[in-house]
Protein chains: 2
Amino acid sequence: MKQSERIGAKIAYIFSHNHRYIERALESYNLKGPMFAFLLTLSHKDGCSQECLARYLKFSKATATRVITTLEKQGYVYREKDEDDRRIYRVFISDEGRGLIPAINSALQEWNDIFLSDLSDEEEQIFRNLLDKTKNTLVEFDRKSSKQMKNNYQISG
Amino acid sequence: MKQSERIGAKIAYIFSHNHRYIERALESYNLKGPMFAFLLTLSHKDGCSQECLARYLKFSKATATRVITTLEKQGYVYREKDEDDRRIYRVFISDEGRGLIPAINSALQEWNDIFLSDLSDEEEQIFRNLLDKTKNTLVEFDRKSSKQMKNNYQISG
DNA sequence: ACCAATTAGTTTTACATGAAACTAATTAAA
DNA sequence: TTTAATTAGTTTCATGTAAAACTAATTGGT
């Protein structure tokens with residue numbers, strides 16, 4: 001009975017905890033909100049444009065501008081105009097920025113460890129697979145509905 | 001290799017999809033943001049105070065005030081001052097509000113169905129259990145850390 | 001009975017974010 | 001080559017939220 005209880009609520013709960021935990025863990029480095037995600041992305045995709053970062057991390061380009069401006073002021077990243085296309089800023093992580101990566105990774109790892117602490121290795125593996133599987137379902141669903149979009153612009157009646 | 005990949009990112013992705021989906025599904029009823037959650041809670045906890053709703057749903061009381069004010073204007077809920085304690089507003093769902101519950105439930109159900117569509121019944125069951133288990137881990141962790149708090153107020157050095 | 005502390009709710013303030021409008025550079029089409 | 005469309009990035013605007021300050025009511029201690 002009531003087996004179909006709200007999965008969304010559980011996900012939301014876990015999400016907000018994760019968010020809060022990471023936020024606190026990184027506040028001493030002055031990394032707020034999406035800043036750590038941008039840094040982390042740059043640590044292995046150095047030289048990305050702002051637009052590319054925004055798209056990859058699913059933030060608006062307005063937010064990307066703001067986040068990167070802040071990170072630049074803090075000296076964690078620097079920007080260079082692309083030589084071939086003067087619209088594009090290539091964003092690079094600085095040495096100082098790269099110095100934060102271990103701290104970011106351990107904050108993420110700490111949360112993972114807490115979050116998964118009551119699961120066996122096998123359960124953890126299954127859980128990861130199910131998360132991947134459902135995530136892919138959603139990615140696929142999005143792809144289909146964005147295709148659908150075009151056909152939906154029709155006069156009603 | 002790189003087995004400890006970011007679970008938080010997956011959770012965040014799923015969360016934002018859920019959010020977006022529900023938001024769209026309910027916008028025609030003028031239910032934005034946390035409004036549906038308040039209504040849903042009231043549908044089985046009728047007569048809750050605002051503070052109780054806020055605490056239960058993990059929103060600030062400022063947000064609770066605004067959400068309930070809006071819902072009241074729309075006629076989906078009404079408030080009555082508690083007779084014994086005149087600080088408290090008891091919040092009740094109206095007939096009109098209760099009329100939205102099926103729509104809310106089916107929006108949630110629709111998303112569940114999409115989200116779980118690639119899982120077998122058995123996988124779904126396992127997934128739900130793992131979500132519950134990890135959620136409880138976090139609840140427990142919070143309980144412990146809030147206890148800890150008191151001991152952390154000590155002079156440094 | 002009085003005053004301090006607490007509690008429920010509201011208002012104010014600060015901030016984060018996305019959408020839309022905008023600017024500048026590039027590409028495509030004529 | 002000139003013009004239109006597109007693209008990267010910025011700025012402006014509207015919105016949603018929590019924290020803090022505030023008000024009013026209640027409770028507890030003396």
Side-chain angles (χ1 to χ4, degrees), chain A residues 12-13 15-17 19-24 26-27 30-38 41-42 45 47-74 77-92 149, chain B residues 12-13 15-17 19-24 26-27 30-38 41-42 45 47-74 77-92 149:
Chain A
Y13 188 89
F15 169 77
S16 82
H17 267 256
H19 192 264
R20 198 148 36 92
Y21 187 90
I22 303 295
E23 202 74 8
R24 284 179 191 165
L26 298 178
E27 71 184 355
N30 286 314
L31 293 177
K32 287 205 271 187
M35 288 164 67
F36 86 89
F38 278 81
T41 305
L42 285 171
K45 278 186 195 292
C48 251
S49 71
Q50 296 187 189
E51 191 276 336
C52 151
L53 286 165
R55 190 156 28 79
Y56 180 72
L57 292 170
K58 303 257 162 60
F59 283 96
S60 67
K61 48 191 192 153
T63 297
T65 296
R66 281 185 292 257
V67 168
I68 291 163
T69 303
T70 308
L71 287 170
E72 197 178 37
K73 276 184 199 147
Q74 293 172 317
V77 307
Y78 58 97
R79 286 189 277 199
E80 287 176 7
K81 282 264 186 202
D82 186 293
E83 279 305 315
D84 299 334
D85 187 338
R86 308 292 293 170
R87 290 171 304 184
I88 296 176
Y89 273 121
R90 299 278 160 207
V91 188
F92 299 92
M149 278 298 191
Chain B
Y13 187 88
F15 169 77
S16 82
H17 267 256
H19 192 264
R20 198 149 35 93
Y21 187 89
I22 303 294
E23 202 73 6
R24 283 179 190 163
L26 297 178
E27 69 185 357
N30 286 316
L31 294 177
K32 288 205 271 188
M35 287 164 67
F36 85 89
F38 278 82
T41 304
L42 285 171
K45 279 187 197 289
C48 251
S49 71
Q50 296 188 190
E51 192 276 337
C52 150
L53 286 166
R55 191 156 27 82
Y56 180 73
L57 293 169
K58 302 257 158 62
F59 283 98
S60 67
K61 48 190 193 156
T63 297
T65 296
R66 278 184 298 263
V67 168
I68 291 164
T69 303
T70 309
L71 287 169
E72 195 178 40
K73 275 184 198 145
Q74 294 171 319
V77 307
Y78 58 97
R79 284 189 278 198
E80 287 175 7
K81 281 267 188 198
D82 187 293
E83 280 304 316
D84 297 331
D85 186 338
R86 309 292 294 170
R87 290 172 304 182
I88 296 174
Y89 272 120
R90 299 275 160 211
V91 189
F92 298 92
M149 279 296 192

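Just so it is clear, the model here is predicted, and its values are computed rather than measured. Reminder, nothing fancy here: chain letters follow the sequence lines and each chain counts from 1.
Rounding to whole angstrom units, CE of residue A:Met35 and C1' of C:dC15 are separated by 14 Å. A:Gln50 has its CD atom 17 Å from the P atom of D:dT7, to the nearest Å. If you measure from atom CG of A:Leu53 to atom P of D:dT7, you get 18 Å, rounded to the nearest angstrom. Going from atom OH of A:Tyr89 over to atom P of C:dT26 covers 13 Å, rounded to whole Å. C:dA19 atom P lies 11 Å from atom NZ of A:Lys61, rounded to whole Å. Remark: P of C:dT26 and CD1 of A:Ile88 are 9 Å apart, rounded to the nearest angstrom. In this structure, the CG atom of B:Asp84 is 15 Å from the P atom of C:dA8, given to the nearest Å. In this structure, the CD1 atom of B:Ile68 is 13 Å from the P atom of D:dT17, given to the nearest Å.
Here the nucleotide nearest the side chain of A:Glu51, chosen from D:dT10, D:dA8, C:dT26, is D:dA8. Nearest nucleotide to the side chain of A:Asp85, out of C:dT26, D:dG9, C:dT10: C:dT26. Listed nucleotides: D:dG9, C:dA19, D:dA18. Nearest to the side chain of A:Ala62: C:dA19. In the set D:dA8, C:dT10, D:dA25, D:dA8 carries the atom at the smallest distance from any side-chain atom of A:Arg87.
Close to D:dG16, at under 4.0 Å from its OP1 or OP2, lies a side-chain N or O of B:Lys32. Regarding contacts with the backbone of C:dT17, every side-chain N or O of A:Ser60 stays at 4.0 angstrom or more from both OP1 and OP2. The phosphate of D:dA18 (OP1 or OP2) has a side-chain N or O of B:Thr63 nearer than 4.0 angstrom.
Side chain of B:Glu80 to backbone of B:Val91: no donor-acceptor contact under 3.5 angstrom is found. The backbone N or O of A:Asn30 lies less than 3.5 Å from a partner atom in the side chain of A:Gln74, making a donor-acceptor pair. A donor-acceptor pair under 3.5 Å is formed between the side chain of B:Lys81 and the backbone N or O of B:Arg86.
No engagement by B:Arg55 is indicated, since no non-hydrogen atom pair under 4.0 Å with the nucleic acid exists. Within 4.0 Å of A:Asp82, counting heavy atoms only, lies no atom of the nucleic acid at all. At a threshold of 4.0 angstrom between heavy atoms, the contacts of A:Arg79 are confined to the sugar-phosphate backbone, with no base atom among them. Using a 4.0 Å heavy-atom criterion, one finds that A:Ser49 contacts the sugar-phosphate atoms exclusively.
Paired with B:Gln50 under the rule side-chain hydrogen bond (donor to acceptor under 3.5 Å, both in side chains), one option of B:Arg90, B:Arg55, B:Arg79 passes, and it is B:Arg79.
Heavy-atom nearest nucleotides on DNA chain C were determined for A:Lys81 and for A:Ala64, and the one closer to the 5' end corresponds to A:Ala64.
Side-chain atoms of B:Val67 and B:Phe59, non-hydrogen and from C-beta on, never get closer than 4.5 Å to each other.
Donor-acceptor pairing under 3.5 Å, judged by distance alone, is present between the side chain of A:Arg66 and the base of C:dG18.
Annotation for A:Lys32: atom NZ does not count as buried by contact number, only 12 or fewer foreign heavy atoms lying within 6.0 Å.
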